[in-house]
Amino acid sequence: MRISLASDSLDGVAPVLISELEGRGHTVIAHGAVSGGRADWAWCCARAARDVVEGVADQAVVCCWTGTGASIAANKVPGVRAALCVDAATAAGARKWNDANVLALSLRLTSVPLLGEILDAWFDGSPSTDDEDMANIAYLSEMEN
Ligand SMILES: O=C(CO)[C@H](O)[C@H](O)COP(=O)(O)O
């Protein structure tokens with residue numbers, strides 16, 4: 001999968017993000033501090049999210065110290081459903097029930113082992129085909145139009 005990755009700093013797990021993603025077979029498109037480029041969280045996380053809706057990436061991972069700014073910035077991009085995930089169960093639910101296409105992470109809360117659990121759950125997950133779940137996602141799209 002093509003994963004657009006953004007982080008506003010090299011704190012916490014940021015230095016291992018590229019290797020954790022590439023180690024799972026993904027191609028990484030890096031933005032922000034992990035690329036040595038412009039690293040203000042609003043800009044680089046929105047940039048990574050735009051890659052998804054523009055078809056440059058299949059999904060994105062966006063990170064900042066809290067994870068909140070990263071998720072807020074990504075969710076400003078129409079078509080993006082970014083989910084701030086603090087554990088594997090949240091990541092699995094975000095993929096299943098929210099059809100989330102952007103994973104937001106807190107560099108403060110996410111240890112390297114926890115990152116592995118979150119990434120495994122995220123990439124193992126797939127959206128629910130239950131009518132009620134799909135209707136919720138359709139409603140989000142309607143709100144954008
Ligand atoms: O969590 C964040 C935004 O939600 C940022 O990572 C945090 O604000 C960065 O602060 P600084 O630029 O002072 O390192």
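What's counted below: heavy atoms across the whole structure, side chains too, no hydrogens, waters or symmetry copies. When a ligand or atom number is given, it counts from 1 through the structure's own listing order.
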Has the side chain of Asn101 got a donor or acceptor atom that lies under 3.5 Å from a matching backbone atom of Gly79? yes
Quick check on contacts: which atoms of ligand 1 are under 4.0 angstrom from a heavy atom of Trp65? 1 (O), 2 (C), 5 (C), 6 (O)
Sub-4.0 Å protein heavy atom near atom 14 (O) of ligand 1: no
Look only at interatomic distance and state if Gly69 has a nitrogen or oxygen under 3.5 Å from any nitrogen or oxygen of ligand 1. yes
Check whether Asp51 reaches the backbone of Ala57 with its side chain - one donor and one acceptor, N or O, closer than 3.5 Å. no
Of the side chain and backbone of Asp8, name the one, both, or neither that has a heavy atom under 4.0 Å from an atom of ligand 1. side chain
Which ligand 1 atoms are under 4.0 Å away from a heavy-atom of Cys64? 1 (O), 2 (C), 3 (C), 4 (O), 5 (C), 6 (O)
Closest protein heavy atom (residue, atom, distance) for atom 8 (O) of ligand 1: Trp41 NE1, 4.0 Å
Does the ring of Trp122 carry Arg95 above it, NZ/CZ under 6.0 angstrom from centre and within 45° of its axis? yes
To the nearest 0.5 Å, atom CG of Leu10 lies from atom CG of Leu17 at 9.5 Å
Do Asp120 and Arg24 meet the salt-bridge criterion of a basic N to acidic O distance under 4.0 Å? yes
For Thr68, the ligand 1 atoms with a heavy-atom partner under 4.0 Å come out as 4 (O)
To check you understand the geometry: which heavy-atom pair defines the closest contact between Ala88 and Glu117, and what is its length? CB-O, 3.7 Å
Among protein heavy atoms, which sits nearest to atom 4 (O) of ligand 1, and what does the distance come to when rounded to 0.1 Å? Thr66 OG1, 2.9 Å
Output yes when a protein non-hydrogen atom is found under 4.0 Å of atom 11 (P) of ligand 1, and no otherwise. no
Look up atom 6 (O) of ligand 1 and tell me if a protein heavy atom lies less than 4.0 Å from it? yes
Indicate yes or no: does Arg47 engage Glu54 in a salt bridge with an N to O separation below 4.0 Å. yes
